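So the structure is just underneath, and the comments pick up after that.
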2 protein chains.
Amino acid sequence: MINDFKHHVNRLRSSGLRPTKQRLTLCKVLFDRKETFHFTIDNLKKRIEKTTKSKISLATVYNTVHAFKNNGYLREISLQGNKTFFDTNSSSHHHFYDQDTGDLIDIKNEDIIVSKLPSAPKGKKIKQIEVTLSLANNNQNQKK
Amino acid sequence: MINDFKHHVNRLRSSGLRPTKQRLTLCKVLFDRKETFHFTIDNLKKRIEKTTKSKISLATVYNTVHAFKNNGYLREISLQGNKTFFDTNSSSHHHFYDQDTGDLIDIKNEDIIVSKLPSAPKGKKIKQIEVTLSLANNNQNQKK
DNA sequence: AAAATAATTTATAATCATTCTAAACTAGAA
DNA sequence: TTCTAGTTTAGAATGATTATAAATTATTTT
């Protein structure tokens, strides 16, 4: 399965995206792995430079990540702060967010149970339920 | 209580913040109201210009909002996208986020029940539980 | 109350992430 | 092979936020 990218080609085609060299490189970097990958655009750019010989322009990384997100290959994570994080785990799950370090840690879906929800406003549908648990050091008070 | 700002002065003093003209103006705009106020820095700047005669520089609005946040007067809301929202409701509650319009809607704490939580990593403490329910129009599919 | 001090405010510049633009390039169709 | 629309690209433009350093103000000390 790894080192075989026909399934990437097929997925791209079925989303109406041409399987270009750049998109396939991104697919390999993002999806040919066991673990969930949390990343910012900047992270991802650096990882591409480190793990492949391909040079992909910043604009293309942005374009591709957004295309992948719009087609459900990636999720954007809701977080405080100015950084936009994405997640290769598109199944439903939640996150710890460490306010001190900026780290994100996956929480398996079954480790959080939301047992009551309000109904969506008229004409709207709930598309995603995200629980973020913000962490800070035990000893530390809130003031700066 | 409204039109009396001694309590604002006291609160600022007890946080080690000098009760300056600018900070008191911000306190009045933010806290002398019944309803929760969701805002971006830009929103807030415009509201100050509209509802008061004071001119407060953009840098001061940033500084003050961050000071208020660090002292627990305001919360920053976790959201997708590049805009940073703050919330005057510092008691625990949650949000609908409308992906089409960017609107934020409060959800009362009692309308969501999180009945199971993971324990925090060693040395860390859970500081905040935030549930974000993303909304989209009923009829619309995910693709762009 | 005046002088000293430390915090605060301010305009502006700098930075950073992201989007836009328009030209060059490429995949797939004819 | 040629054509066409989709894609990539470098660099410019934008927008939010942070940094800087001088002027101002609140509070403390005298």
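By convention in this document, chain letters (A, B, ...) are assigned in the order of the sequence lines, proteins followed by strands, and residues within each chain are numbered from 1. In this text, all values refer to a predicted model and were calculated from it rather than measured experimentally.
- In the hydrophobic clustering, where aliphatic and aromatic side chains (Ile, Leu, Val, Met, Phe, Trp, Tyr) are joined below 4.5 Å either directly or transitively, B:Ile77 groups with B:Leu79, B:Phe85, B:Tyr97, B:Leu104.
- Residue pairs meeting the salt bridge (charged side-chain N to carboxylate O under 4.0 Å, His left out) criterion with at least one partner in residues 63-80 of chain B, sequence neighbours excluded, are B:Lys69-B:Glu76.
- Per the geometry, NZ belonging to A:Lys69 stands 14 Å off C1' belonging to C:dT19, to the nearest Å.
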Got a list of protein N/O to nucleotides 5-7 of chain D N/O distances below 3.5 Å?
residue	atom	partner	partner atom	Å
D:dT7	OP1	A:Arg18	N	3.3
D:dT7	OP1	A:Arg23	NH1	2.7
D:dT7	OP1	A:Arg23	NH2	3.4

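- Using a 4.0 Å heavy-atom distance criterion, B:Thr84 is classed as a sugar-phosphate-only contact.
- Annotation: side chain to side chain contact (heavy atoms under 4.5 Å, CB included) contacts of A:Ile113 (sequence neighbours excluded): A:Ser115, B:Ser115, B:Lys116.
- With sequence neighbours left out, A:Lys108 forms a salt bridge (charged side-chain N to carboxylate O under 4.0 Å, His left out) with no residue at all.
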### Query
Should B:His38 and B:Asn43 be marked as a side-chain hydrogen bond (donor to acceptor under 3.5 Å, both in side chains) after you check the CA-CA gap, both sets of side-chain angles, and the distance that decides it?
CA-CA 9 Å; B:His38 296 132; B:Asn43 286 342; over 6 Å; no
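- Side-chain nitrogen and oxygen atoms of A:Arg13 include none within less than 4.0 Å of the OP1 or OP2 phosphate oxygen of C:dA27.
- For the pair A:Asn63 CG and D:dA10 P, the computed distance is 12 Å after rounding to whole Å.
- For D:dT17, the OP1/OP2 oxygens have no side-chain nitrogen or oxygen of B:His66 closer than 4.0 Å.
- Residue A:Lys83 contributes atom NZ, which lies 13 Å from atom C1' of D:dT18 at whole-angstrom precision.
- In terms of the salt bridge (charged side-chain N to carboxylate O under 4.0 Å, His left out) criterion, A:Asp103 has no residue partners (sequence neighbours excluded).
- B:His94 pairs by the ring-ring contact (aromatic ring centres under 6.0 Å, His included) definition with nothing, not counting sequence neighbours.
- A stem is defined here as three or more consecutive Watson-Crick or G-U pairs, each with both distances under 3.5 Å; for DNA chain C these stems are C:1-30 with D:1-30.
- Going from atom CG of B:Leu12 over to atom C1' of D:dA26 covers 13 Å, rounded to whole Å.
- Remark: A:Lys122 pairs with no residue by the side chain to side chain contact (heavy atoms under 4.5 Å, CB included) rule, at least two apart or across chains.
- The backbone N or O of B:Arg11 lies less than 3.5 Å from a partner atom in the side chain of B:Tyr73, making a donor-acceptor pair.
- Of the residues in residues 42-59 of chain A, those with a non-hydrogen atom less than 4.0 angstrom from any atom of DNA chain D are A:Lys55, A:Ile56, A:Ser57, A:Ala59.
- Taking atom OH of B:Tyr62 as the reference point, atom P of D:dT17 lies 4 Å away to the nearest angstrom.
- Applying the salt bridge (charged side-chain N to carboxylate O under 4.0 Å, His left out) test to every pair with at least one member in residues 81-93 of chain B, sequence neighbours left out, gives no pairs at all.
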Can you list, pair by pair, the side-chain donor-acceptor contacts under 3.5 Å of residues 55-62 of chain A, counting residues two or more places apart and other chains?
residue	atom	partner	partner atom	Å
A:Ser57	OG	A:Thr60	N	3.2
A:Ser57	OG	A:Thr60	OG1	3.0

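- Atom-to-atom, NZ of B:Lys21 to P of C:dA7 comes out at 21 Å; the value is rounded to the nearest Å.
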